[in-house]
Structures are given as C-alpha cells and as structure tokens.
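Only a predicted model underlies this, so the values are computations on that prediction, with no experimental measurement involved. Below, chains carry the letters A, B, ... as their sequence lines are ordered, and counting in each starts from 1.
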There are 2 protein chains.
Amino acid sequence: MNIKPLIDYFNTLLPLNEEEEQFIEKIFKERQIKRRQFILQEGDVAKYNTFVVEGCLKMYYVDDKGKEHNLQFAIENWWIGDLGSFHSEKPSKLYIEAMERSIILQIRKEDQLQLFIKYPKFNRIFRVFTENALINIQERILQNISSTAEERYLDFLDRYPYFFQRISNVQIASYLGITPEFLSTIRKNLSKS
Amino acid sequence: MNIKPLIDYFNTLLPLNEEEEQFIEKIFKERQIKRRQFILQEGDVAKYNTFVVEGCLKMYYVDDKGKEHNLQFAIENWWIGDLGSFHSEKPSKLYIEAMERSIILQIRKEDQLQLFIKYPKFNRIFRVFTENALINIQERILQNISSTAEERYLDFLDRYPYFFQRISNVQIASYLGITPEFLSTIRKNLSKS
DNA sequence: AGTGACCTATAAGGTAGATTAAGAAAGAAG
DNA sequence: CTTCTTTCTTAATCTACCTTATAGGTCACT
C-alpha cells in the first residue's frame with residue numbers, strides 16, 4: 001500500500017501522530033487505474049474523494065453536443081473529485097478519467113466524516129486546502145472574464161510548466177475554453193515573436 | 001451591535017453555546033458603509049474577512065485598460081473578502097466596494113486564528129462553507145468554458161433572481177464577462193421569443 | 001425647473017475565436 | 001511492419017461578441 005505520499009502531504013500542513021497515521025492508512029484504499037479508465041461517470045454519485053499518488057487524471061463535463069470541457073487536471077499530490085456530488089449525494093454531471101496509468105488513494109464519504117469526528121485536526125487540514133483550491137479557482141474565473149485566450153494560455157504555461165510536455169494541446173485547449181485549432185494559431189503567433 | 005444574523009448563520013451549520021457566541025460577539029466589529037465606499041482597495045493587504053448583515057457589495061478587478069471585472073457580489077448573510085491576500089498577507093489586486101448603504105461585520109486575521117484554536121468547531125464550520133463556495137465557483141468555471149453569454153445570463157437570473165431588480169445590468173454584464181451593450185442585445189433577443 | 005450623472009437601448013463596423021475540412025506526422029495497437 | 005487512432009497544423013468561412021457612437025430615460029442635487 002502506497003500511503004506514504006499522502007501521509008507526507010498531511011504532515012506538511014499539520015504533523016500527524018502514530019494513531020492518526022494508522023487511521024488514515026485504514027480508511028484510504030489504493031487503486032491502480034489504467035489509461036482511459038473512469039473513476040467517475042455522469043449519472044453516478046461521487047462516492048469517493050481521491051488523492052493522486054502517481055499518474056494524471058482529468059475531470060470534465062460533456063455538453064449536449066458531445067464536447068468535453070476540462071474542469072481540472074490532477075497529478076501527483078493533488079486531490080480530485082466532484083465535491084458537489086460527494087456532499088449532496090446527487091448524481092454527478094462530470095467524468096473523471098485517467099490520462100495515464102495512475103495510482104490513487106480513495107476515501108469514502110462516511111469514512112471522511114468519521115475522520116473529522118474522531119480527529120478534528122483534519123477539519124483544519126481540509127479547511128486550509130479547500131481555501132487554497134478556492135483561491136486558485138477564483139484566479140481562474142478572473143482570467144476567464146478579463147483576459148484573452150492568448151493571455152490565459154501563457155498564464156497556464158507559467159503556472160503549470162510541468163503540464164506542457166505531459167498533456168496534449170487538445171486537453172489544454174479544452175481547459176482554457178477554446179478549440180484546439182485556435183490554440184494552434186495562438187502557438188504559431190507566439191513562436192513568431 | 002448587529003451580531004444576531006451572524007450567530008443565526010453559524011447556528012444553522014452547527015449550534016453554538018453561550019461561550020462561543022460571546023467570543024464571536026467580542027471579535028467581530030460592526031461597520032456602517034456608505035454607497036460607493038471601499039472596504040478594500042488594490043495594493044492593500046486584506047486584513048478582514050467580512051460578513052454582510054445588510055446591503056450589497058461587489059468585489060472586482062480593474063484591468064490595465066481601466067475596466068472593472070466583477071468577481072463576486074455579496075448581500076445579506078454572505079461572506080466577502082480577498083481570501084488570497086487575507087491568507088498570504090500580500091497586497092490585493094482587488095477592490096471591494098459597497099453598491100448600497102451596508103452594515104457589515106468584520107474579523108481580523110489574528111482573531112480568526114484565535115477562533116480556530118480556542119474553538120476548533122469553527123474549523124468545521126468554515127470548512128463546510130468554503131467547500132460550498134468552491135462548489136459554486138466550479139459551476140461558474142464550467143459555464144464560462146462551455147456556455148454562451150445568453151446561457152450564462154439565463155442561468156444567472158435563475159440562480160440569483162433577487163439580483164435582478166437590485167443590481168444594474170452594467171454590473172451583471174461585468175460579472176458574466178461581457179459588455180453591457182451585448183447584454184442589452186441579449187435581453188432584446190430574449191424578449192422577442 | 002434645470003443640470004448632471006448614470007443607466008439602457010440601438011446600430012454600424014471590427015475582431016476574437018468557432019466551425020468545417022483536409023492533410024501531415026506521430027504514436028499505439030495488431 | 002502495417003494499420004488505426006490521435007495529434008497538430010493550416011486555411012476559408014462564419015458567428016459571437018466587442019468597440020465606438022448616439023440618443024432617450026430616470027433619478028439625485030441645486
């Protein structure tokens with residue numbers, strides 16, 4: 001069981017004791033996911049919150065024309081999940097799919113509630129990184145309503161340079177809210193200057 | 001001091017005892033804000049987290065061409081603040097301005113930290129509503145990358161019907177990421193059908 | 001009653017980005 | 001190696017949305 005990255009992750013925010021570590025180890029389940037395998041599909045209720053140990057996943061929405069719109073990527077040490085469905089227990093409108101062979105750790109909702117009750121410290125940990133996620137996504141909204149596609153692309157490269165060689169331009173375009181064709185012309189213009 | 005709405009707000013999430021209520025009352029400060037008054041300006045560090053008792057405020061970014069882009073509105077029982085600046089203690093890039101005469105309750109960062117330490121219950125409360133904020137803003141990102149302006153406008157009216165008579169179309173357009181002129185033509189088209 | 005500030009509407013012309021289609025290159029699979 | 005799938009590119013046409021300009025309406029202030 002590949003729990004160490006998760007323990008390390010928690011420890012950077014707030015050191016855990018032996019008992020807490022053991023509880024974490026007990027309630028998180030490891031899964032190996034193949035490329036193109038789904039861990040959530042539209043219509044399912046999101047039963048798990050997911051921590052990525054290795055690999056890369058995307059969460060996206062499919063509109064009525066069948067087009068995919070990437071809401072989020074997740075690589076090593078990131079969390080991914082449809083929080084809305086997880087908490088409301090209503091069917092999700094999203095898909096989560098592995099873009100590479102991945103190793104993930106998952107926790108069920110009832111276990112996460114137990115975790116918060118038994119070890120209130122985790123309320124703090126999860127509060128802090130929910131806040132960080134909120135801060136990041138607020139930046140993204142700001143960009144979407146105030147910047148051009150080219151500016152957003154440059155900012156994306158700046159913010160996530162390690163995605164550049166790892167995920168295709170098709171996926172990046174979908175994340176930025178533009179077509180791959182238009183991203184291609186943006187890239188051409190950038191290479192000229 | 002107009003603390004009751006805040007206490008009620010906390011109580012709906014997790015009932016408070018006498019001691020907790022008194023502490024809340026002690027650390028939140030009430031302020032009366034005039035229309036057009038700022039509670040945060042670009043370059044300031046966000047020192048407060050703000051709960052709205054009465055009135056209406058907006059948080060926005062001003063781009064290099066001087067255009068305002070509304071990130072968020074807040075009315076009765078909503079929170080508003082630049083979380084990024086509040087936590088990092090770096091200068092904010094945002095403005096928060098009252099659109100109506102308002103009554104707000106503010107807490108300083110050091111008091112909020114005290115609150116979390118003395119009464120860990122509040123970690124849970126703040127975790128829950130940070131999660132809710134995150135869920136909402138994720139929906140908004142999804143719309144921005146996958147829907148037309150008309151669809152976003154209709155969804156906005158559907159989601160926040162009470163804003164319709166309360167804030168101007170100029171402000172709504174800025175929130176949606178379009179120009180007021182284009183919102184006007186959208187409204188014309190909608191009224192035809 | 002008059003002035004100014006702000007909001008809404010309308011219209012012409014312009015641009016960012018979408019759509020469609022087609023071809024070349026590079027992986028992945030058999 | 002061959003076949004199939006996916007990726008990236010280019011180019012023409014189209015559309016959603018922006019820009020600039022003008023004008024009428026409403027409300028606050030004097």
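- As a whole-Å value, the separation of B:N189 CG from D:dA16 C1' is 11 Å.
- Heavy atoms of A:R36 sit under 4.0 angstrom from primed sugar atoms or phosphate atoms, though from no base atom.
- Using a 4.0 Å cut-off between charged side-chain N and carboxylate O, B:E97 and B:R35 make no salt bridge.
- Applying a 4.0 Å cut-off to non-hydrogen atoms, the residues of residues 160-184 of chain B that approach DNA chain C are B:S168, B:N169, B:V170, B:E181, B:S184, listed by residue number.
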Check nucleotides 27-30 of chain D against the protein and report each pair of N or O atoms closer than 3.5 Å, with its distance, or say if there are none.
none

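- Residues from residues 61-76 of chain B placing a heavy atom under 4.0 Å of any atom in DNA chain D, listed by number, are B:K67.
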Can you give each donor-acceptor pair under 3.5 Å made by side-chain atoms of residues 162-175 of chain B, sequence neighbours left out, with the distance rounded to 0.1 Å?
residue: B:R166; atom: NE; partner: B:E100; partner atom: OE2; Å: 2.8
residue: B:R166; atom: NH1; partner: B:E76; partner atom: OE1; Å: 3.1
residue: B:R166; atom: NH2; partner: B:G55; partner atom: O; Å: 3.0
residue: B:R166; atom: NH2; partner: B:E76; partner atom: OE2; Å: 3.0
residue: B:R166; atom: NH2; partner: B:E100; partner atom: OE1; Å: 3.1
residue: B:S168; atom: OG; partner: B:Q171; partner atom: N; Å: 3.4
residue: B:Q171; atom: OE1; partner: B:K58; partner atom: NZ; Å: 3.2
residue: B:Q171; atom: OE1; partner: B:N70; partner atom: ND2; Å: 2.9
residue: B:S174; atom: OG; partner: B:E68; partner atom: O; Å: 3.1
residue: B:S174; atom: OG; partner: B:N70; partner atom: N; Å: 2.8

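- Between B:Y9 and the options B:F28, B:F51, B:F126, B:W78, a ring-ring contact (aromatic ring centres under 6.0 Å, His included) holds for only B:F51.
- Per the geometry, CZ belonging to B:R187 stands 10 Å off C1' belonging to C:dA9, to the nearest Å.
- A:K67 and A:D63 are not joined by a salt bridge, as no carboxylate oxygen comes within less than 4.0 angstrom of a charged side-chain nitrogen.
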Could you pull out the protein-nucleic contacts involving nucleotides 25-27 of chain C (nitrogen or oxygen on both sides, under 3.5 Å)?
none

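- Listed for the B:N11 side chain is a donor-acceptor partner under 3.5 Å among the backbone atoms of B:I7.
- The existence of a salt bridge linking A:E110 and A:K47 is excluded, since no basic side-chain nitrogen approaches an acidic carboxylate oxygen closer than 4.0 Å.
- Less than 4.0 Å separates DNA chain D from no heavy atom of any residue of residues 141-154 of chain A.
- Judged purely by distance below 3.5 Å, without hydrogens or angles, the side chains of A:N189 and A:E150 never pair a donor atom with an acceptor atom.
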